[in-house]
Amino acid sequence: MSKKPVGEVRPSQVITTFGPGAIVDLQTLSVVVAGVDEWQKADEQRIQEPRLERNLKVKCFYSAPPAFGEYNKKPGTLPAYLFPRYQVCSKPQCGTLSEPSEQMFKRHEKRPVFLCELCGGKSPVNPAPFIVACPSGHMDDFPWREFAHRGPTSCKQPMQLKSMGKTGTVRDLMVHCKCGEKRSVGDAFGEKKHEVVGTCRRRRPWLGPKDVDKACEHADLAETLQRGATNSWFPVVRSALSIKDAATPIGKLLNKADPDILELINNADDLDKFWTLLAKKIPELEDYAGARDAILESILKSRGECETDEIDLLLPEWEALRDPDGYSQGERSDFFSQKAEVPEKLHDVLASVIQVRKLLEVRALTGFTRLESKGGPFGGDGEEVDIAPISRNPALDWLPAVEVRGEGLFFEFRSVVLDSWATTPAVGVRVKAMLEAHANREEDQETISPPSEREIREKSRFIVLHTFAHAVMRALALDCGYSGASIRERIYSSIEEGREMSGVLLYTASPDSEGSLGGLIDLGTPERLGGLLQDALRDVTRCSSDPLCASHDPERHQSSNGAACHACVLVPETSCETYNAWLDRSLLVPTVATQNLAFFTPKHLGWE
């Protein structure tokens, strides 16, 4: 592996766009970013975020190693392998299709480019346009030789890839072998696309040119992709806001306890034994004497000895966001928030609005998927797909991550009002249809059980919070000075007893300057917030695609969305936790198709 640089990516792109296993198209080459086993780590790249570390069961995080010096002199810092291996001569009359082992190409002495020997060593070559991938995350070169010969062959004759130039489609591309065999690449995209490329060969080129996985659960589902296809790599990212010393009310009290005593508590008997000592130092703990199981669980989770879930990651943030007086750490810290006024017409549905003037988010890459994205923390399309590893070591104790700073607005909804609305029969029917449509698409219909009342209630709340977030994000992007893709959502939704949440954080955490310029905070002032929220809600009562959009039937269209399209509530998928799933403006506001389902009434919209 050469240490000379062949291209550049930003550190943040290693987490979101060009991480291990992703193909990077450079000016002269195409490479796959190597697994983290090959990374160089240094103390200055170390990132600590205890809550995220416990959730992902790692010791720390590292950012991508930076490069120093002039481009033509500095060494490369992010390892990568040539992929695809097959290259095509750029000279139309030649079109030689070959890989390095066939020795028909040679590398330029000074530049990172290959030249075609059959053209006198002067014509540069381009990466082959197609690859093969499977739902397990494996990836391989397209089987050009087997494809052209329609099966296994011992032929070693030179091959060519040429375009007939008739229709401009993939069927124009023909693979020619000097032995006389030829075939249109369009055959690889037909009804028999899985049969054409054959069984998955379990290759993992990002972990090494010769790395082969032990097994593949989707061996018969390998298919052809264009080299630059967006579905060739979807990152699986977990993130947490850096809330120093912030936790649940119980966790906040335990922060005052003697660490030596907490280390001695491993079970309920130990807690009973040391209870008097704990309560002596923290008298407020007596208020939670009847919740000793929760106290023990909090102690074990803080040491990483107890399984944590997504709510455990979000709950401390929820507590910190809704109580700036108790958790805000000042203007010079990474977390600084202040209360704002709730618009008068929304007092009965919004409990509070918080201006988060400064926040720090840590985003860690845990793996990736191919062909389908994995749904967010609350479910979505592809939630059952396999996550491919970014390391050969299954016991890796660190992960790549990036720190991003920004600002945001937090909206806390009144949980009682949400619950009252979610139990409305008409709402239940609508949400049940969405849940069943999603289940029918993801699973065998014979094994599906109808959703429970609890599932319907929980999903109803989430859909309203989620659709509200999208409507407001689109309105914010028009006025705050940030692009729509720079605004992200974080949904806090739970009906679990003792861990109830019902809120939305809209923020602009960005690794560059676009994220901390103050434009979003300014919209949270009393003079502007009320009008902005009403405008956002009014805008989604109508859609340029109505009545088709408003009349969208989740059950008939087998969709986890209701009335939602790109003209009304969909946002860039990088801004959405669930990749634009579980949205329905009919549940948010009155539409031309339904008026009896909306959470926000005409009074909230300023129409009464």
Side-chain angles (χ1 to χ4, degrees), residues 1-2 4-9 13 17-18 21-34 71 76 78-133 139-148 156-178 182-189 197 203 205-206 209 223-233:
M1 183 184 292
S2 172
K4 293 182 179 180
V6 294
E8 292 183 343
V9 295
Q13 289 181 304
T17 314
F18 298 126
I23 296 175
V24 184
D25 268 327
L26 305 172
Q27 188 173 1
T28 57
L29 293 174
S30 175
V31 298
V32 60
V33 178
Y71 175 77
L78 195 64
Y81 298 102
L82 181 70
F83 188 86
R85 304 283 292 175
Y86 272 95
Q87 309 287 312
V88 183
C89 179
S90 60
K91 189 175 181 180
Q93 295 82 358
C94 178
T96 297
L97 176 66
S98 179
E99 61 175 330
S101 63
E102 296 177 357
Q103 299 183 347
M104 294 182 189
F105 302 141
K106 68 175 182 179
R107 182 165 182 173
H108 194 280
E109 295 179 358
K110 298 181 179 179
R111 296 186 293 118
V113 62
F114 288 94
L115 303 173
C116 178
E117 291 276 38
L118 299 186
C119 291
K122 295 183 179 180
S123 300
V125 300
N126 298 320
F130 303 106
I131 62 169
V132 172
M139 184 171 69
D140 198 6
D141 276 279
F142 185 82
W144 295 102
R145 195 167 292 279
E146 291 83 357
F147 177 77
K156 301 294 183 182
Q157 295 291 320
M159 294 186 296
Q160 294 176 300
L161 183 64
K162 290 189 174 184
S163 174
M164 295 185 293
K166 293 181 179 180
T167 64
T169 67
V170 71
R171 289 210 163 271
D172 277 356
L173 289 177
M174 297 291 296
V175 187
H176 295 262
C177 182
K178 199 171 182 180
K182 63 180 181 179
R183 191 174 186 182
S184 167
V185 179
D187 292 350
F189 294 91
V197 297
R203 299 275 176 85
W206 66 97
E223 62 181 82
T224 306
L225 299 178
Q226 290 191 351
R227 187 186 68 249
T230 55
N231 64 340
S232 65
W233 193 82

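As the structure is a prediction and not an experimental result, all values here were calculated from the model.
We find the CD1-CH2 distance between I23 and W233 to be 11.5 Å, quoted to the nearest 0.5 Å. Rounding to the nearest 0.5 angstrom, the gap separating the CD atom in Q87 from the CG atom in L82 is 5.5 Å. To the nearest 0.5 Å, the span separating CG on L97 from CD on Q160 amounts to 9.5 Å. Within the model, atoms CD of E223 and CD1 of I131 stand 10.5 Å from one another, a figure rounded to the nearest 0.5 Å.
Residues forming a ring-ring contact (aromatic ring centres under 6.0 Å, His included) with F105 (at least two apart in sequence, or on another chain): none. D141 meets the salt bridge (Lys or Arg N to Asp or Glu O under 4.0 Å) test with no other residue; sequence neighbours excluded. Listed by chain and number, the residues in a side chain to side chain contact (heavy atoms under 4.5 Å, CB included) with P158 are M104, K178 (sequence neighbours excluded). Residues passing the side chain to side chain contact (heavy atoms under 4.5 Å, CB included) test with F18 are V9, Q13, V24, sequence neighbours excluded. Checked against salt bridge (Lys or Arg N to Asp or Glu O under 4.0 Å), R183 has the following partners two or more places apart in sequence or in another chain: D187. Scored by the side-chain hydrogen bond (donor to acceptor under 3.5 Å, both in side chains) test, Q226 finds no partners at all (sequence neighbours excluded). For A133, the side chain to side chain contact (heavy atoms under 4.5 Å, CB included) partners at least two apart in sequence or on another chain are L225, R370. Judged as a side chain to side chain contact (heavy atoms under 4.5 Å, CB included), and not counting sequence neighbours, the contacts of D25 are S30, R227. The side-chain hydrogen bond (donor to acceptor under 3.5 Å, both in side chains) test applied to D172 returns T167, not counting sequence neighbours.
Checking side-chain atoms of T224 against main-chain N and O of F189 turns up no donor-acceptor pair under 3.5 Å. Judged purely by atom type and a 3.5 angstrom limit, S123 has no side-chain atom pairing as donor or acceptor with the backbone of S90.
A 6.0 Å sphere centred on CD of Q103 holds no more than 12 heavy atoms belonging to other residues, nucleotides or ligands. The 12-atom threshold is exceeded at NZ of K162, counting heavy atoms of other residues, nucleotides or ligands nearer than 6.0 Å.
Relative orientation of the F147 and F142 rings is perpendicular, given thresholds of 30° and 60° on the angle between their planes.
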TODO: Under the side-chain contact (heavy atoms from CB on, under 4.5 Å) rule, what do D140 and V197 come out as? Steps first, then yes or no, please.
DONE: CA-CA 10 Å; D140 198 6; V197 297; over 6 Å; no

- [ ] Decide side-chain contact (heavy atoms from CB on, under 4.5 Å) for Y86 and M159; before the verdict, give the C-alpha distance in whole Å, the side-chain angles of both, and the deciding distance to 0.1 Å.
- [x] CA-CA 11 Å; Y86 272 95; M159 294 186 296; 3.9 Å; yes

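Here the side chains of Y81 and P205 are not in contact, with every heavy-atom distance at 4.5 Å or above.
Within the structure, the salt bridge (Lys or Arg N to Asp or Glu O under 4.0 Å) test picks out the following pairs touching residues 92-102 (sequence neighbours left out): E102-R145.
Across all non-hydrogen atoms, the minimal contact from V88 to P129 is CG2-CD, 4.4 Å.
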